[in-house]
Colleague: 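This structure is in structure tokens; I'll ask about it shortly.
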Amino acid sequence: MKNERYNAREAEPRWQKIWEERGIFKTRNDDPRPKYYVLEMFPYPSGRIHMGHVRNYAMGDVVARYMRAKGHNVLHPMGWDAFGLPAENAAAQNKIHPKSWTYDNIATMKAQLKSMGLSLDWSREIATCDPAYYKHQQKLFLDFLKAGLVERKMSKVNWDPVDQTVLANEQVIDGRGWRSGALVEQRELTQWFFKITKFSDELLSAINTLDRWPDKVRLMQKNWIGKSEGLLIRFMLSQNAGGASEVEVFTTRPDTLFGASFVALAPDHPLALEAAKNNSAIKDFIEECNRTGTAQEAIDKAEKKGVDTGIRAVHPFDLKWQLPVYVANFVLSAYGTGAVFGCPAHDQRDLEFARKYKLPVKPVVVPPDADPKTFEIGDEAYLEDGVLANSRFLDGLSVPAAKEEVAKRLENETRGNRPVAKRQIQFRLRDWGISRQRYWGCPIPIIHCEKCGVVPVPDKDLPVQLPEDVTFDKPGNPLDRHPTWKHVKCPSCGEPARRETDTMDTFVDSSWYFLRFTAPDANTPTDRKAAKYWMPVDQYIGGIEHAILHLLYSRFFTRAMKETGHADLDEPFKGLFTQGMVVHETYRKADGSYASPAEVKISMEDGERVVTFEKTGEKIEVGPIEKMSKSKRNTVDPDDILSTYGADTARWFMLSDSPPDRDVIWTEEGVQGATRFVQRLWRLTNELAELAAPAGTAKPAQFSGDALNVRKAAHAVLANVSEDIERLRFNRAIAQVYQATNSLTDAAAKAKAAGKKIAGDLAYAFREAGEILVRLAAPMMPHLAEECWAALGHKTLVSQEAWPVLERELLIEETITLPVQVNGRKRADVTVPRNAGNPEIEAAVLALDPVKRELGNRAPKRVIIVPQRIVNVVS
RNA sequence: GCCCCCGUGGCGGAACUGGUAGACGCGCCUGACUCAAAAUCAGGUUGCCGCAAGGUAGUGCCCGUUCGAGUCGGGCCGGGGGCACCA
């Protein structure tokens, strides 16, 4: 045994089989131990797993195995985010049915995940495309509908002409569909919406309770919800314009009202459209704005443009003061009222607009130390805090006081029986449109009847199943053109009616799967008892790309499910961790084409790294390190890695090199290092198996010398690794394991070199240290750890062993070595008893030669002693 | 344009609340074993001066606070990410 190399290829499947046969990762809902729910974002079954998955699931598995060893009942499930457009695209291209394409992919990827040796409870596996899952999603939809959380409304939608589908605003990137990249068109459609805005305020304020989320994600969500407090102000018009006698604007800066020099309307504001009726310049301008639309946004950014409508608005505080009303390209119709008053001195966009059209620029807020008479605005608006000026009764007030004063006065002034202004809280967040004109999604369980209108599908008829006989040869929705599927009888009146042919956004599927995992076979969407026991997810791990949408929708869903009696909590994810990407350097051939890592050969010549194309020997230029992608050909296939090096090596390396929230660079050398360590730990374990006391030997009463040192080192590492895993600092945990391996290897070599038979306390210490080391490595390298555990003479599985118990007193040293500085510069070390008093330490320090040399004949001015830390002598 | 994050050896990165800068890994160099290679083992590896002991500079740049700054504050420079022309 001793001289054999560890053979991962043979050992890994063997241990996986044992784990599976004994069902040790199956989790029960009625286990008395404290619960711990660790979840990684479930994958889309695209075909094969990629390195990002390996990293993500390796992290989750470390947490799961660690918490299990710490005595928790751990839920660690896996499933498939299985609906979505790629399946339909594959169907259209390769004549494979989306269902078989999806399930084939699931089978492949499941086998890949299994070869990673993850401690998953596969009995809870979910696929969102399974009618057994989406049946409950349809029930949730209907319950939400009943509870007033679903709404059907006409709305202008982003139409993706390539995917033939509607996109949410958040799915439009630079005016293009986020998947297809096609230019998005505007269309009017009747859509189903989840009323997420009902929870705007709560979703925002509860972010403050998510203290185990990354600050970055919390900030992104806050910005996305976008709360702003301001004032709605009515501006009377000097003449009626098409029946309108006023225009309402929203502002967060009512304090700057006396600096107003114009009013601006969005291009599709009703008043703008009215004004366009008999003014071709306005009409042309509006058309120009519509034509350029969102796609031209970036180009338009530079220039603020507008057209004077000729209409004049009356200043709310001065009936004689008239402001020109413009239609402007920089005013958004979807936000606020679609109209603003322009205050050029204190808004950059307004300033640029005013300069272009020679409108007045009057500062009304000036820096506290500036003279209002001479303060002028140049190319930049003044956005800082300051004191009000040129503002009549507001002069001298602070900005908040002025805001308050304006609000108070205008609220109390009525014109046409209504107050001139009212306070308003405005959110950027919009309702979540979920209708998709696609086949491969969860059908919306609604029937449209001529007589009865919108009729929910009765619960007993759920699920509304997708028909399987569909074609993908034409664009558009196969459900809509299916010959029979949509024709049904109205559940209410029995007359012929038709089904809703839209399916749900796939973000719906992933908004509650974490709840379903707690009772995957329940015949209601959730088993409330199980959900109550397991939720919230204690540690959720996934990519930063889901920082906004998926997480926000899940937070909404959890609240909506609470309101409809399916759950008992608001926040689904107590701890969130967002991992970095896996990146790899890129290789370019002379002709500019990319080469894959598998095709190149890397060698060292005169200390220089030389990369060549293996087949032809041609030189390769090493390009920047980038996210692994097919187009750059810098991907590494997990299957190759797993079959060459084994799962433990792949997992180890994925966790070792970089902090988990940062990108990790995949390098061949790094993997080699990891695989070397596998062998080192295996050799050390076998060495220890010979040197150490047999398993089960009674603990000696006393330890001294090397035995004590071995124990101290082992327990110090134990303390650090435990803390590092708990804080998800896997790279540090691994560095600690390396260190422990080094010191134990040295200690073993020293003991052997001494030539005496190792017995007594040292033999025991070696066993203890070895067993600690193996268990510390186990969450990261579970297969090797099992093999080592067996080699140490155990019949049990290390996967089921408890975490080593820390003996804290071993961490306390009797003497401590303090660094000694003179004037902040390290000059020496001093070793003193742990509880030495300051005078004692000072005396010892001043007696040191380097200190005496630095001080010369002078007496020290001060001696600063930081307990247990450092001594600094100031001369 | 706005907001956020990050700059530490040849490389990835350590350094808890201000307290020995460079843990650990990779790479490289030297040596041992070997006919040779791989594997393994031992030693070295921030720059500069020095045989060495040691000294000296050093965490993107400048300034400040402090007995003491990679860490805190101000101002720059560079890189990355997010976004909303959001009034």
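Everything numeric here is computed off the predicted structure, so don't read it as measured data. Each chain gets a letter, A, B and so on, in the order the sequences are listed, and its residues count up from 1. Reckoned from all heavy atoms, side chains included, excluding hydrogens, waters and symmetry mates.
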Colleague: Could you tell me how far C33(B) sits from C28(B) if I compare only their P atoms? Round to whole Å.
Modeller: 22 Å
Colleague: Can you see if the side chain of R825(A) gets near the phosphate of A57(B) - specifically, an N or O under 4.0 Å from OP1 or OP2?
Modeller: yes
Colleague: If you check the I864(A) side chain, which of A87(B), U20(B), G19(B) turns out closest?
Modeller: G19(B)
Colleague: Output yes when E842(A) and R862(A) qualify as a salt bridge under the 4.0 Å nitrogen-oxygen rule, no when they do not.
Modeller: no
Colleague: What nucleotide among G12(B), G19(B), A87(B) has an atom nearest to a side-chain atom of D657(A)?
Modeller: G12(B)
Colleague: Go through the steps to decide whether K356(A) and E352(A) satisfy the test salt bridge (Lys or Arg N to Asp or Glu O under 4.0 Å), and finish with yes or no.
Modeller: CA-CA 6 Å; K356(A) 185 174 170 82; E352(A) 284 170 37; over 6 Å; no
Colleague: Are N731(A) and A14(B) close enough that a side-chain N or O sits under 4.0 Å from OP1 or OP2?
Modeller: yes
Colleague: Nearest to the side chain of I870(A), which nucleotide is it out of C24(B), G55(B), U20(B)?
Modeller: U20(B)
Colleague: Out of G25(B), A87(B), U56(B), which has the shortest distance to the side chain of R827(A)?
Modeller: U56(B)
Colleague: Assign T252(A) to base, sugar-phosphate, or nothing according to its heavy-atom contacts below 4.0 angstrom with the strands shown.
Modeller: sugar-phosphate
Colleague: Could you state the CD-P distance from E669(A) to C28(B), rounded to the nearest angstrom?
Modeller: 8 Å
Colleague: Nearest of A87(B), U56(B), C67(B) to any side-chain atom of N872(A)?
Modeller: C67(B)
Colleague: Could you tell me how far apart H546(A) (NE2) and G82(B) (C1') are, to the nearest whole angstrom?
Modeller: 16 Å
Colleague: Taking only the C1' atom of each, what is the distance from C85(B) to U71(B) in whole angstrom?
Modeller: 38 Å
Colleague: What nucleotide, of G19(B), A87(B), U20(B), holds the atom closest to the side chain of V866(A)?
Modeller: G19(B)
Colleague: Can a side chain N or O of S228(A) be found less than 4.0 Å away from OP1 or OP2 on A87(B)?
Modeller: yes
Colleague: For the P atoms, the ones on A57(B) and on A69(B), what distance do you get once it is rounded to whole angstrom?
Modeller: 13 Å
Colleague: Quantified in whole Å, what is the P atom distance between nucleotide U46(B) and nucleotide U34(B)?
Modeller: 32 Å
Colleague: What's the closest nucleotide to the Y738(A) side chain, out of G19(B), C24(B), C83(B)?
Modeller: C24(B)
Colleague: Within the 4.5 Å heavy-atom criterion, are Y357(A) and Y326(A) side-chain neighbours or not?
Modeller: yes
Colleague: Under 4.0 angstrom, heavy atoms only, what part of the nucleic acid is R428(A) near: base, sugar-phosphate, or nothing?
Modeller: base
Colleague: Determine the Euclidean distance between corresponding C1' atoms of C72(B) and G18(B); express it in Å to zero decimal places.
Modeller: 8 Å
Colleague: Check whether any side-chain N or O of R5(A) sits under 4.0 Å from OP1 or OP2 of A38(B), and answer yes or no.
Modeller: no
Colleague: Requiring both pairing distances under 3.5 angstrom, list the stems that contain RNA chain B and are made of three or more consecutive Watson-Crick or G-U pairs.
Modeller: B:1-7 with B:77-83, B:10-12 with B:24-26, B:27-32 with B:40-45, B:46-49 with B:54-57, B:60-64 with B:72-76
Colleague: Using a strict cut-off of less than 4.0 Å between a Lys/Arg side-chain nitrogen and an Asp/Glu carboxylate oxygen, indicate whether E687(A) and R683(A) qualify as a salt bridge.
Modeller: no
Colleague: Answer with base, sugar-phosphate or nothing: what part of the nucleic acid does V331(A) contact at a heavy-atom distance below 4.0 Å?
Modeller: base
Colleague: List the residues meeting ring pair (Phe, Tyr, Trp, His ring centres under 6.0 Å) with H269(A), not counting sequence neighbours, and say none if there are none.
Modeller: none
Colleague: Just how far, in rounded Å, is C1' of G1(B) from CG of D347(A)?
Modeller: 12 Å
Colleague: Give the nucleotide from the list C24(B), C83(B), U56(B) with an atom nearest to the side chain of N742(A).
Modeller: C24(B)
Colleague: Find the distance R729(A):CZ to A23(B):P and express it as a whole number of Å.
Modeller: 18 Å
Colleague: Using a cut-off of strictly less than 4.0 Å, decide whether R862(A) has a side-chain nitrogen or oxygen near OP1 or OP2 of G68(B).
Modeller: no
Colleague: Please determine whether a side-chain nitrogen or oxygen atom of R683(A) lies at a distance below 4.0 Å from atom OP1 or OP2 of C41(B).
Modeller: yes
Colleague: For the side chain of M220(A), starting at C-beta, report the closest nucleotide among G82(B), G55(B), C85(B).
Modeller: G82(B)
Colleague: Going by ring-ring contact (aromatic ring centres under 6.0 Å, His included), W652(A) matches just one of F730(A), Y645(A), Y738(A). Which one?
Modeller: Y738(A)
Colleague: Any side-chain N or O of R662(A) below 4.0 angstrom from OP1/OP2 of G13(B)?
Modeller: yes
Colleague: Kindly indicate, with the supporting measurements, whether the criterion salt bridge (Lys or Arg N to Asp or Glu O under 4.0 Å) is fulfilled by E248(A) and R234(A).
Modeller: CA-CA 4 Å; E248(A) 204 171 25; R234(A) 296 160 60 212; 5.8 Å; no
